[in-house]
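For the single chain, residues carry numbers from 1 onward in sequence order. Order of appearance sets the numbers: ligands from 1, and atoms from 1 within every ligand.
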Amino acid sequence: MSRLTGRLVVASHNTGKVREIAALLGPFGVEPVSAGELGLPEPEETETTFTGNAALKARAAALASGLPALADDSGLEVFAIGGDPGVYSARWAGPNKDFGAAMRRVWEELSASGNDRGARFVCALALAQPDGGVEVFEGEARGTIVWPPRGEKGFGYDPIFVPEGLTRTFGEMTHDEKLPLTHRARAFEKLVASLK
Ligand code: IMP
């Protein structure tokens with residue numbers, strides 16, 4: 001567990017994600033500090049893959065802070081519309097972070113494309129060291145898209161996503177119910193396994 005101890009920057013300005021990552025780190029005695037708390041700038045996500053963007057964010061935070069940094073790049077891929085919004089999941093909500101509008105766009109494009117409602121959330125988790133070394137781990141959560149949105153508990157696209165084998169949306173689940181089912185938890189399990 002040598003690389004997951006002490007202070008660690010959670011390189012995200014998204015409070016929903018920071019909360020989930022901090023909960024995953026809980027059992028390791030790590031002291032998470034968010035990029036926002038340290039006043040670190042948010043780098044532009046210029047890559048076209050989750051892995052590329054996660055590595056870019058983690059490396060920028062580790063170099064700027066001199067601490068190990070963990071970054072997540074994640075999003076929703078809807079199969080029938082070519083994997084959109086994918087790495088553009090945050091951008092579909094626009095500058096005002098209007099996820100009501102982003103979810104409606106997903107549903108409208110999906111409705112126009114046929115009957116396949118299959119989707120997955122993807123998370124790439126990158127752990128960067130201040131010397132520039134980076135490792136990236138990917139996890140997914142498969143499910144289906146539903147309409148209208150249900151539940152107020154989550155963030156982003158949670159209200160239109162029902163995980164495989166279940167009936168409630170992520171938005172209808174408590175934080176503790178959702179977390180173990182997530183793409184983020186699955187990527188984190190791989191990261192932990194790599195440290196053993
Ligand atoms: P980014 O990784 O900062 O580019 O943003 C990813 C976007 O994907 C977030 O703003 C959310 O809208 C969406 N997203 C990622 N993970 C989740 C999740 O667990 N639930 C709902 N939406 C998510």
ask   = If you measure from each heavy atom of Arg184 to ligand 1, is any distance below 4.0 Å?
value = yes

request  = Taking only heavy atoms of Asp158 into account, list the atoms of ligand 1 that are under 4.0 Å away from them.
outcome  = 18 (C), 19 (O), 20 (N), 21 (C)

task = For Ser89, take its heavy atoms, then give the atoms of ligand 1 lying under 4.0 Å from any of them.
result = 7 (C), 8 (O)

query = For ligand 1, is there an atom lying under 4.0 Å from some heavy atom of Lys97?
reply = no

query = Which ligand 1 atoms, with their elements, are less than 4.0 angstrom from a heavy-atom of Ala90?
reply = 5 (O), 7 (C), 10 (O)

ask   = Which of the atoms in ligand 1, numbered in the order shown and given with their element, are less than 4.0 Å from a heavy-atom of Asp73?
value = 1 (P), 2 (O), 4 (O)

Protein heavy atom at shortest distance from atom 15 (C) of ligand 1 = Ser74 OG, 3.1 Å

note = The ring pair (Phe, Tyr, Trp, His ring centres under 6.0 Å) partners of Phe161 (sequence neighbours excluded) come to Phe121, Phe170

note = Sequence neighbours excluded, the answer for ring pair (Phe, Tyr, Trp, His ring centres under 6.0 Å) partners of Phe99 is Tyr157

message = Walk me through whether Glu20 and Thr182 qualify under side-chain hydrogen bond (donor to acceptor under 3.5 Å, both in side chains).
response = CA-CA 10 Å; Glu20 290 191 2; Thr182 61; 4.6 Å; no

query = Can a non-hydrogen atom of Thr182 be found less than 4.0 Å from any atom of ligand 1?
reply = no

Winner among Glu20, Glu45, Glu42, Lys178 once heavy atoms are compared against atom 19 (O) of ligand 1 = Lys178

inquiry  = So for Phe99, does at least one of its heavy atoms come nearer than 4.0 angstrom to any atom of ligand 1?
reply    = yes

note = Looking only at non-hydrogen atoms, the one of Phe170, Phe155, Tyr157 nearest atom 18 (C) of ligand 1 is Phe155

